[in-house]
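Have a look at the structure below before the remarks.
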Amino acid sequence: MFWPRSPQKKDMKLGEKIRYLRSMEGAVRGLDREMTQAEVARAMSKELKKNISQSYLSQIENGTRPHLTNTTRMLLAKFFKVHPGYLVDDPEGFHTELTSNLSTLEDKLDLWLINGAERFRRDPQLSHALLELAKHEDSRKCLALLAAILETPQLAERLLQVLKPEYERSNGRSKGNKPRNGPGNGRRTV
């Protein structure tokens, strides 16, 4: 079962969904056209051993019967292989997208961070930091915070002294300076 992706039109009525499912079913069955209501009724009778008349399908599609019984809903859902919850009128303003663009971007960002952690796995601190960012519920906000910290003079160094005093000792830093280039510190030498 699946939630079909309906045409671009938002908030579809039940009748529109049935018409859409008939067209999809026709394509799936290789008809190169939508299945007619009569074909759907015959196929349901043959395949599911349950009957829905062509006239009943017509009434659903033209809105004369705006609601289904649970038995009919389950039968149609089984035939069209959709979730029964799909077979209702969409509420006004309904959107078929399951995720917003922002959450999709957040997922891509998290994946990028995880790939970075894998790429820099030989630097345990960096790899751990990237994974922690990816695990956070709002990675984007964390990076925005990091940008604000870095834009504030001396704040990054002060925070490191307070929160991670061992960091300066383990990374070859002399107070207030950037890491030295050379062997053993993870930076390339030229």
Report task. Using side-chain contact (heavy atoms from CB on, under 4.5 Å) as the criterion, list what pairs up with Glu118, not counting sequence neighbours. Result -> Arg121

Query raised in the report: So how far is it from Gln161 CD to Lys164 NZ, rounded to the nearest 0.5 Å?
Result: 15.0 Å

Query raised in the report: For the atom pair CG (Leu75) and NZ (Lys49), what is the distance rounded to the nearest 0.5 Å?
Result: 13.0 Å

**Report entry** Where Ala41 and Ser53 come nearest, the two heavy atoms and their spacing
**Finding:** CB-C, 4.3 Å

Query raised in the report: Is the closest side-chain heavy-atom distance between Leu68 and Tyr56 below 4.5 Å?
Result: yes

Requested in this report: Quick one: do Met74 and Asn70 satisfy side-chain contact (heavy atoms from CB on, under 4.5 Å)? Show the steps, please.
Outcome: CA-CA 6 Å; Met74 297 305 285; Asn70 191 50; 4.0 Å; yes

Query - Spacing of Gln154 atom CD and Ile149 atom CD1 [to the nearest 0.5 Å] - result: 14.0 Å

Requested in this report: Indicate yes or no for a side-chain donor-acceptor contact from Asp89 to the backbone of Leu14 under 3.5 Å, with no hydrogens or angles considered.
Outcome: yes

**Report entry** Reference residue Glu39; test salt bridge (Lys or Arg N to Asp or Glu O under 4.0 Å); the match among Arg22, Arg33, Arg29
**Finding:** Arg33

Query raised in the report: Roughly how far, to the nearest 0.5 Å, is CG of Leu133 from CH2 of Trp112?
Result: 9.0 Å

Query raised in the report: With a 4.5 Å limit on heavy-atom distance, are the side chains of Gln54 and Thr36 in contact?
Result: no

Report task. May I ask you to test the Thr72-Thr69 pair for a side-chain heavy-atom distance under 4.5 Å? Result -> yes

Query - Check: Lys17 side chain, Tyr86 main-chain N or O, donor-acceptor pair, under 3.5 Å - result: yes

Query raised in the report: Say you draw a straight line from CD1 of Ile114 to OG of Ser139; how long is it, rounded to the nearest 0.5 Å?
Result: 8.5 Å

Query raised in the report: Quick one: are Leu155 and Leu150 in side-chain contact, heavy atoms under 4.5 Å?
Result: no

Query raised in the report: With side chains defined as the heavy atoms from C-beta onward, is the minimum distance between Glu25 and Phe79 less than 4.5 Å?
Result: yes

**Report entry** Worked check of side-chain contact (heavy atoms from CB on, under 4.5 Å) between Leu76 and Val82
**Finding:** CA-CA 8 Å; Leu76 287 168; Val82 297; over 6 Å; no

Query raised in the report: What's the spacing between Leu130 CG and Gln125 CD if we round to 0.5 Å?
Result: 12.0 Å

Report task. Go through Glu16 and Arg19 one step at a time and tell me if the salt bridge (Lys or Arg N to Asp or Glu O under 4.0 Å) criterion holds. Result -> CA-CA 5 Å; Glu16 295 172 305; Arg19 261 190 304 282; 5.2 Å; no

Query raised in the report: Can you get from Phe120 to Leu131 by hopping between Ile, Leu, Val, Met, Phe, Trp and Tyr side chains that sit under 4.5 Å apart?
Result: no

Report task. Identify the heavy atoms of Met35 and Ala43 that sit nearest to each other, and give their distance. Result -> CE-CB, 4.1 Å

Query raised in the report: Is Leu57 reachable from Leu31 through a run of I, L, V, M, F, W or Y residues, each pair having side-chain heavy atoms under 4.5 Å apart?
Result: yes

Query raised in the report: Linking I/L/V/M/F/W/Y whenever any side-chain heavy atoms sit under 4.5 Å apart, do Tyr20 and Val88 land together?
Result: no

Report task. Determine, using the 4.5 Å side-chain heavy-atom cutoff (strictly less than), whether Leu145 and Leu126 are members of one ILVMFWY cluster. Result -> no

Query raised in the report: Hey, are the side chains of Met44 and Val40 touching, using non-hydrogen atoms and a 4.5 Å cut-off?
Result: yes

Query raised in the report: Between the main-chain N or O of Ile60 and the side-chain N or O of Thr64, is there a donor-acceptor pair closer than 3.5 Å?
Result: no

